[in-house]
Amino acid sequence: MARAAIDWAAIRALFPATQRQAYLDTASFGPGPTPVVEAVSSHLEEWSCGTGSWRVWDEVGEVVRARLAALLETESSHIALMPALSAAAGQVAETLPFEPGANIVVGQGEFQSNYYPWVNQQRRGFEIRNVPFVEGRLLVDEFARRVDERTALVAASHVQSVSGFRLDLEGLVDLCRRHDARLFIDATQSLGALRVPTEGIDYIAGAAYKWLLSPRGSAFLYVRPERAAELAPLMPNWKTHDVPYRDYYGPPFEPPPDARRFDLSLAWPVWIGLAAGLELILKLGTKTIEERDLGLAQRFRSGLHGVGLQPAFSEAETSQIVGLRVRDPRGVQESLARNHVVAAVRGEFVRFAFHFFNDESDVERALGALRV
Ligand SMILES: Cc1ncc(COP(=O)(O)O)c(C=O)c1O
């Protein structure tokens with residue numbers, strides 16, 4: 001049976017951020033939709049009145065874990081709950097088994113939360129090999145020049161936050177497989193907008209306050225089951241149990257064998273918000289969202305030629321985030337703002353991010369503002 005057409009106008013109406021402006025900055029933060037705001041508000045009300053149950057608030061973590069697993073088409077036990085991408089990268093980096101002569105290969109222009117945790121391993125003896133960006137691109141060929149039999153791990157973002165450049169994930173998986181190197185993917189700028197395959201990837205992590213529509217303070221770490229036990233929990237705590245909530249004091253210390261061993265305590269309002277954001281995303285479906293987001297980005301890219309501009313990358317290299325190199329990025333951003341278009345400047349790029357609540361009018365407004 002054919003799926004009923006989605007009423008995008010009704011979906012858009014759930015996002016107050018769309019009312020007064022073309023909000024094209026989900027790559028900085030996803031604006032809170034009404035269902036998320038309502039879930040958080042009702043929690044805050046219970047919290048303030050002392051009527052709620054902390055246990056019920058905490059158990060929302062399991063709802064989120066299951067929803068993240070559904071998004072990644074994997075099992076809940078392969079997902080750890082974390083407060084930030086850097087916590088996920090730090091967990092893997094700090095406990096990565098070290099052998100003399102081992103190296104870590106990472107893109108030089110990565111967002112720092114996916115860069116410093118790896119560079120920090122120099123103090124443990126790892127050699128850090130930086131992969132240069134070539135005209136804003138992070139290329140598998142450049143990784144291939146640096147990955148060898150002594151590479152313990154390769155770290156890269158699926159989509160670069162500075163520019164929207166999309167990595168050749170299959171190519172990198174293949175390279176890591178050939179050298180038996182672990183692969184860590186930062187999916188902060190993709191999961192929620194694009195489908196992210198787990199096949200061949202050891203760790204996938206992401207902060208959830210952008211494309212997954214969470215308030216700030218939630219993230220996840222997917223760990224391929226064969227890889228979980230080799231990492232000790234970095235910050236074990238009262239949740240480091242196979243059977244949570246059974247006891248809170250003293251021994252035994254028996255971390256679960258899977259990714260749940262890396263869980264950290266949850267900031268309840270945030271996770272309650274994330275559960276609602278994920279519900280909305282799963283209802284729409286990842287394929288539908290990907291088509292919508294890429295479709296809007298593509299419409300914008302096509303329109304750029306009409307205003308005498310060019311997107312930075314080819315269609316195969318681009319994502320739902322469109323980076324634009326212009327002579328005066330700040331001046332362009334101000335002119336966009338005067339026309340009620342919210343876009344970011346990162347490095348040499350003006351960055352336009354398209355999520356499913358955006359529509360053609362946002363694209364046209366941005367193009368119109370670039371024309372003047
Ligand atoms: C690629 C990428 N990773 C991670 C983050 C956020 O990192 P953290 O959760 O450590 O603040 C961002 C934020 O812009 C990002 O763009």
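Start at 1 and go down the list; that is how both ligands and their atoms are numbered. All heavy atoms count here, side chains included; hydrogens, waters and symmetry mates do not.
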Every pair of nitrogen or oxygen atoms between ligand 1 and the protein that is under 3.5 angstrom apart - can you list them with their distances to 0.1 Å?
| from | atom 1 | to | atom 2 | distance (Å) |
| --- | --- | --- | --- | --- |
| ligand 1 | 3 (N) | Asp186 | OD2 | 2.6 |
| ligand 1 | 3 (N) | Thr188 | OG1 | 3.3 |
| ligand 1 | 7 (O) | Ser113 | OG | 3.3 |
| ligand 1 | 9 (O) | Leu85 | N | 2.8 |
| ligand 1 | 10 (O) | Ser86 | N | 3.0 |
| ligand 1 | 10 (O) | Ser86 | OG | 3.1 |
| ligand 1 | 10 (O) | Ser113 | OG | 2.8 |
| ligand 1 | 11 (O) | Arg216 | NH1 | 3.2 |
| ligand 1 | 11 (O) | Arg216 | NH2 | 2.9 |
| ligand 1 | 14 (O) | Lys210 | NZ | 2.8 |
| ligand 1 | 16 (O) | Ser161 | OG | 3.2 |
| ligand 1 | 16 (O) | Gln189 | NE2 | 3.0 |

(request) Quick one: name the residues clustered hydrophobically with Val63, using the 4.5 Å side-chain heavy-atom rule over I, L, V, M, F, W, Y, and just say none if it's on its own. (result) none
(message) Suppose clustering is done on Ile, Leu, Val, Met, Phe, Trp and Tyr with side-chain heavy atoms closer than 4.5 Å. Which residues sit in the same group as Leu294?
(response) Val159, Leu194, Trp211, Ile321
Aromatic ring proximity [X]/[Y], centre distance under 6.0 Å:
X      : Y      : value
Tyr249 : Trp238 : no
Phe15  : Phe356 : yes
Tyr203 : Tyr222 : no

(request) Mind jotting down which residue pairs meet the salt bridge (charged side-chain N to carboxylate O under 4.0 Å, His left out) criterion with at least one end in residues 297-312? Sequence neighbours excluded, please. (result) Arg299-Glu364
